[in-house]
Q: 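Next up is a structure, given as structure tokens.
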There are 2 protein chains.
Amino acid sequence: MQDKARVQTMMGEDLLFLTDDQLRRGIEAMFFAYRAFTADPDIILADMDYGRAHHRALHFINRDPGLTVTSLLAVLGVTKQSLNRVLRTLIEDGLVDSRIGRRDRRERQLYLTAAGTALERRLTEAQRARMRLAYRTAGPQAVAGFRQVLEAMMDPETRSQYQALKDLPEDR
Amino acid sequence: MQDKARVQTMMGEDLLFLTDDQLRRGIEAMFFAYRAFTADPDIILADMDYGRAHHRALHFINRDPGLTVTSLLAVLGVTKQSLNRVLRTLIEDGLVDSRIGRRDRRERQLYLTAAGTALERRLTEAQRARMRLAYRTAGPQAVAGFRQVLEAMMDPETRSQYQALKDLPEDR
DNA sequence: ATAGAAAGTCAACAAGACTGCCCTATGGCG
DNA sequence: CGCCATAGGGCAGTCTTGTTGACTTTCTAT
């Protein structure tokens with residue numbers, strides 16, 4: 001009784017999509033898809049002695065220029081020591097600019113330099129290309145469902161952060 | 001420059017879901033959701049000196065008992081040296097049984113022991129609980145879309161492996 | 001003015017991926 | 001039989017990225 005679980009919507013009785021088998025399929029899909037999802041930028045990064053962590057930092061600094069180290073920490077969910085190493089190399093290499101906070105001089109506000117912006121764009125575009133194809137293949141309705149499930153999967157606190165990101169300035 | 005990618009194409013109109021902004025939202029959702037996705041089993045694993053790699057091995061051995069080291073390698077997409085370290089500890093700890101291949105005595109066929117099955121179940125159940133909640137929250141139609149997009153995101157070769165898994169014996 | 005909290009940095013260590021190389025055992029084939 | 005390919009294991013060393021602990025700088029409240 002595994003595959004006939006093609007769910008048809010409506011019909012209150014239709015909880016077939018919650019069988020252990022269906023859940024396991026979702027788990028495996030997450031594993032395989034995430035691997036592909038990170039593969040494209042990883043190739044670019046490998047060439048320049050950077051890793052995924054650098055990409056993530058660039059992404060969120062680009063997303064919200066001027067954010068502090070602590071804010072970035074909260075979004076990334078790592079320790080500040082871990083982030084610091086990554087940040088240090090990015091700053092040394094001239095991809096990120098760290099300026100002393102204006103309100104509070106203990107803080108460091110982070111900005112991408114022109115070079116940083118260029119790399120971020122290159123990395124993200126590689127990732128976007130795959131996402132674009134997947135979106136196009138699956139169609140708008142599937143995309144909506146995709147986002148709904150992912151959002152429901154996040155920890156509540158993370159979900160708030162994610163939703164808050166929605167409203168950030170869209171410059172670029 | 002960021003084409004605000006409103007409509008373009010002749011028929012256009014419904015390509016709004018392919019804007020760079022929409023794609024970026026998807027990228028961020030993947031990042032946050034995947035972190036949550038791995039968090040629950042990670043807590044259990046941390047207590048016993050195991051890591052994510054052990055979980056993955058247990059999962060796929062449980063999925064297809066008797067598979068060879070080479071097959072497992074192909075599914076996991078890691079090097080044999082990397083897998084070997086993980087597998088060695090699992091075998092030493094009595095969670096996995098490695099038997100000499102029946103067709104080909106060079107091969108090792110992998111099985112979970114009772115203890116291995118128990119741990120696999122515990123780990124997977126933690127992960128399933130989150131997935132179940134997400135599925136239930138989002139609903140069947142969203143789940144279908146979720147799976148469609150993830151599948152479209154995989155590398156073609158991986159997708160074949162993923163689809164092939166569909167037909168494996170369903171014990172449990 | 002000073003104590004304590006907060007932000008950030010430096011140092012050392014561990015997990016888990018990788019490569020490269022070498023080894024054994026087995027299987028297939030001319 | 002002999003040769004070579006394949007399956008698997010082991011060892012050494014590297015890299016990224018996570019961790020904790022201890023430190024400095026800066027701010028804030030008493």
Side-chain angles (χ1 to χ4, degrees), chain A residues 31 34-35 38-39 41-61 66-93 96-111 123, chain B residues 31 34-35 38-39 41-59 61 66-93 96-111:
Chain A
F31 168 63
Y34 194 78
R35 194 170 62 189
T38 55
D42 279 358
I43 291 171
I44 298 173
L45 289 158
D47 273 347
M48 33 184 72
D49 282 354
Y50 291 144
R52 238 173 256 178
H54 299 83
H55 180 192
R56 294 200 281 256
L58 291 174
H59 178 98
F60 286 107
I61 295 172
L67 89 173
T68 64
V69 172
T70 302
S71 312
L72 184 53
L73 235 43
V75 175
L76 294 177
V78 296
T79 60
K80 61 182 174 174
Q81 295 87 335
S82 185
L83 174 60
N84 194 263
R85 181 164 6 118
V86 166
L87 227 37
R88 190 168 43 209
T89 68
L90 290 175
I91 292 168
E92 280 169 7
D93 295 352
V96 168
D97 195 11
S98 166
R99 308 183 202 155
I100 291 179
R102 295 194 323 182
R103 307 183 305 262
D104 184 335
R105 292 169 47 79
R106 290 174 301 182
E107 295 178 341
R108 297 291 177 273
Q109 296 193 286
L110 304 169
Y111 299 86
L123 291 169
Chain B
F31 168 63
Y34 194 78
R35 195 172 61 189
T38 56
D42 279 358
I43 291 171
I44 299 173
L45 289 158
D47 273 347
M48 33 182 73
D49 279 356
Y50 291 145
R52 232 172 262 178
H54 299 84
H55 180 193
R56 292 198 282 257
L58 291 174
H59 177 97
I61 296 172
L67 91 172
T68 64
V69 172
T70 302
S71 312
L72 183 53
L73 236 41
V75 175
L76 295 177
V78 296
T79 59
K80 66 175 178 177
Q81 291 87 338
S82 191
L83 174 60
N84 198 264
R85 182 168 15 126
V86 166
L87 224 38
R88 190 167 44 208
T89 69
L90 289 175
I91 292 168
E92 280 169 6
D93 295 351
V96 167
D97 195 10
S98 166
R99 307 181 201 157
I100 291 179
R102 292 189 327 193
R103 306 184 304 263
D104 184 334
R105 293 171 45 80
R106 290 173 304 180
E107 294 178 343
R108 297 291 177 274
Q109 296 192 286
L110 303 170
Y111 299 86

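Just so we're on the same page: letters track the sequence lines, and every chain starts at 1. As a basis for the values below, the full set of heavy atoms in this structure was taken, side chains included, without hydrogen atoms, waters or symmetry mates. The structure displayed is predicted, hence computed values, not measured ones.
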Q: Measure from CG on A:L67 to C1' on C:dA7 and round the result to the nearest Å.
A: 14 Å
Q: Test your reading of the model: is there a side-chain donor-acceptor pair from A:R108 to the backbone of A:R106, 3.5 Å cut-off?
A: yes
Q: By the side chain to side chain donor-acceptor pair (under 3.5 Å) test, which pairs, at least two apart or in different chains, include something from residues 78-87 of chain B?
A: none
Q: Using a 4.0 Å heavy-atom cut-off, write out nucleotides 19-30 of chain C from 5' to 3' as B (base contacted by protein), S (sugar-phosphate only) or - (no contact).
A: BBB---BBS---
Q: How long is the line joining CG of A:L83 and P of D:dT20, in whole Å?
A: 15 Å
Q: Within the pair A:R52 and D:dT16, is there a side-chain N or O less than 4.0 Å away from OP1 or OP2?
A: no
Q: May I ask you to test the A:Y50-A:D93 pair for a side-chain heavy-atom distance under 4.5 Å?
A: yes
Q: Starting at the 5' end of DNA chain D and moving along, which residue's nearest nucleotide shows up first, B:L73 or B:R85?
A: B:L73
Q: Does any N or O in the side chain of B:R52 come within less than 3.5 Å of the main-chain N or O of B:L45, such that one atom is a donor and the other an acceptor?
A: no
Q: Under the rule for side chain to side chain contact (heavy atoms under 4.5 Å, CB included), what residues qualify as partners of B:D97, not counting sequence neighbours?
A: B:R99, B:Y111, B:T113
Q: Tell me whether the side-chain N/O atoms of B:N84 come closer than 4.0 Å to OP1 or OP2 in D:dG9.
A: yes
Q: Do A:R35 and A:F31 meet the cation-pi criteria used here (NZ or CZ under 6.0 Å from the six-membered ring centre, within 45° of the axis)?
A: yes
